[in-house]
Amino acid sequence: MRLSILDQAPISNGKTANEALAASIKLAQTGDDLGYTRYWIAEHHDLPGLACPAPDLILGMIGAQTSRIRIGAGAVLLPHYKPFNVAERYNMLATLFSDRIDLGIGRAPGGSAEASIALSGDFLKQVNQFSDSIDEVLGFLHNSFPKDHMYSKIKPSPVPTYSPEPWLLGTSEKSAILAAEKGLPYVYGHFMSDADGPSIVKHYTKKHSETIVTVSVICAETTDKANELALSSQLWSLQRAKGEGSGRIPSVEEAKAYSFSDEEKETIRKMERKMIIGDPKEVKKQLEQQQLLYQVDEFMLVTITHSYEARQKSYELIAKEILADK
């Protein structure tokens, strides 16, 4: 089993965006040292609890401070951008950090309707052109436009020796079908979807084999400690859904002091069914169960805790349990 990291660059209560991004860089370095396959950072806009609107900028810093791990976006929200500009930026990264760059592509807005309008104007129009935009990105990355096409005359310079590896991210059968049609490797967001993930991935893998499943994981020395850590991220999700709180990750103490309604308790129980929470052996067991369900070789782990140290420790414990002998 290969393991990778998905980082949303969460900002905890009492912390700054600067501290959140510094923790992201440290997490990537840890992944590099411990044998994780990839480190991807997500793109979000005008969300007070998430610090990264521009993955390519921080990836330049992370690439310079790591040596082995593949790094990339999870994902570039393509409807906000012109494909040529995306290809230029990731070709630049691939030139700097040869054969280590992944380009995850997604169609989500990553923020409010107002933020989307500020970024790209008519976002829905761009979403409707998503398939064509993917074709353009691939055309630029692979220099594959027909000779009579206007874009065959330009290149997204610098052109690296090893092109960025494009992936399509999604949470639905529609995205899996699109990935198959484009011949792209696929990343399924298990942690974000209530759909029948194994069925969706199976539909994709009938034609293609390169698939990653992204899961929410919190690991600690004991399962009781892991459940305690998870409570703050669960409260954060509840507050975000209701537009309450600061938008930042509450502390465990804040979560313990919160008075959960019966409806909120039921929502948390539903969240827990989508999460992997436990000590290292329990996390390994649950990941192996997911591997049997999904029939994939790589999982990308997203971990949200108030404490950056606890998040770091979670990845370290999992690596020691699963990756140590590799």
Side-chain angles (χ1 to χ4, degrees), residues 5-25 27-28 39-62 71-83 85-86 88-90 93 103-130 133 137 168-172 175 187 189 191-193 214 216 232-251 254-255 267 271 302-306 308 311:
I5 297 169
L6 176 62
D7 181 12
Q8 293 184 319
I11 310 174
S12 298
N13 268 351
K15 301 293 184 180
T16 65
N18 182 288
E19 289 172 301
L21 293 170
S24 290
I25 295 170
L27 179 60
Y39 168 92
W40 288 3
I41 191 163
E43 174 185 328
H44 294 94
H45 299 283
D46 191 36
L47 295 180
L50 302 173
C52 182
D56 55 299
L57 293 182
I58 193 168
L59 289 173
M61 296 186 66
I62 287 170
I71 59 175
V76 169
L77 305 179
L78 188 56
H80 290 314
Y81 308 106
K82 288 288 190 180
N85 184 245
V86 172
E88 282 184 321
R89 289 170 179 268
Y90 284 82
L93 288 168
L103 171 55
I105 297 170
R107 79 169 96 210
S112 67
E114 292 83 356
S116 294
I117 292 169
L119 276 165
S120 52
D122 190 341
F123 179 77
L124 291 179
K125 179 182 178 182
Q126 306 308 319
V127 168
N128 290 334
Q129 296 173 352
F130 185 62
S133 294
V137 170
L168 186 65
L169 281 67
T171 57
S172 67
S175 59
V187 184
F191 77 107
M192 296 175 62
S193 176
T214 306
S216 176
S232 67
S233 68
Q234 291 161 350
L235 175 57
W236 177 61
S237 295
L238 287 173
Q239 290 177 325
R240 285 180 65 196
K242 297 195 298 183
E244 297 177 355
S246 67
R248 300 188 176 199
I249 317 302
S251 67
E254 289 174 288
T267 300
M271 289 182 195
V302 56
T303 300
I304 303 289
T305 60
H306 175 268
Y308 298 136
R311 180 178 63 158

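Throughout, residue positions are numbered sequentially from 1 according to the sequence presented.
At most 12 heavy atoms of other shown residues, nucleotides or ligands fall within 6.0 angstrom of atom NZ in Lys125. Atom CZ of Arg248 has more than 12 neighbouring heavy atoms from other residues, nucleotides or ligands inside a 6.0 Å radius. Within 6.0 Å of the CE atom in Met271, the count of heavy atoms belonging to other residues, nucleotides or ligands exceeds 12.
Atoms CD1 and CD, from Ile58 and Glu43 in turn, are 13.0 Å apart once rounded to the nearest 0.5 Å. Rounded to the nearest 0.5 Å, atoms CZ (Arg107) and CG (Leu169) are 11.5 Å apart. In this structure, Leu77 CG and Ser116 OG are separated by 8.5 Å, a value rounded to the nearest 0.5 Å. Atoms CG and NE2, on Asn85 and His80 in that order, are 13.5 Å from each other to the nearest 0.5 Å. Between the CZ atom of Phe123 and the CD1 atom of Ile117 there is a distance of 11.0 Å, given to the nearest 0.5 Å. A distance of 9.5 Å separates OG in Ser12 from CH2 in Trp236, rounded to the nearest 0.5 Å.
Shortest non-hydrogen contact noted between Ser120 and Pro79 is CB-O, 3.8 Å. In plain terms, the two heavy atoms of Ser175 and Gly170 that are nearest each other are OG-CA, 3.3 Å. Between Ile249 and Ser232, the shortest heavy-atom distance links the atoms CG2-OG, 4.4 Å. Of all heavy-atom pairs between Ala20 and Ala51, the closest is CB-CB, 4.1 Å. Nearest approach of Leu103 to Val137, heavy atoms of both residues: CD2-CG1, 4.0 Å. Of all heavy-atom pairs spanning Ala73 and Tyr90, the tightest one is CB-OH, 3.4 Å.
Ser246 and Asn13 share a side-chain donor-acceptor pair at under 3.5 Å. Checking Glu254 against Ser251 by side-chain atom types alone, a donor-acceptor pair falls below 3.5 Å.
Counting only distance, with no hydrogens or angles, the side chain of Tyr308 and the backbone of Pro10 share a donor-acceptor pair below 3.5 Å. Judged by distance alone, with hydrogens and angles left aside, the side-chain atoms of Thr305 form a donor-acceptor pair with the main-chain N or O of Arg311 at under 3.5 Å. Judged purely by atom type and a 3.5 angstrom limit, Ser133 uses its side chain to pair as donor or acceptor with the backbone of Gln129. Of the possible donor and acceptor atoms, one in the side chain of Glu19 sits under 3.5 Å from a partner among the backbone N and O of Thr16.
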Run the numbers on Leu93 and Asp56 for side chain to side chain contact (heavy atoms under 4.5 Å, CB included), then give the verdict. CA-CA 8 Å; Leu93 288 168; Asp56 55 299; 4.0 Å; yes
Might you work through the side chain to side chain contact (heavy atoms under 4.5 Å, CB included) test for Trp40 and Val187, ending with a clear yes or no? CA-CA 12 Å; Trp40 288 3; Val187 184; 3.7 Å; yes
Can you list the steps and then say if Leu6 with Phe191 is a side chain to side chain contact (heavy atoms under 4.5 Å, CB included)? CA-CA 11 Å; Leu6 176 62; Phe191 77 107; 4.0 Å; yes
Are Ile11 and Leu50 close enough, and set up right, to give a side chain to side chain contact (heavy atoms under 4.5 Å, CB included), and what steps lead you there? CA-CA 6 Å; Ile11 310 174; Leu50 302 173; 6.0 Å; no
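Proximity of Gln234 to Thr267: side-chain heavy atoms (C-beta onward) are nowhere separated by under 4.5 Å.
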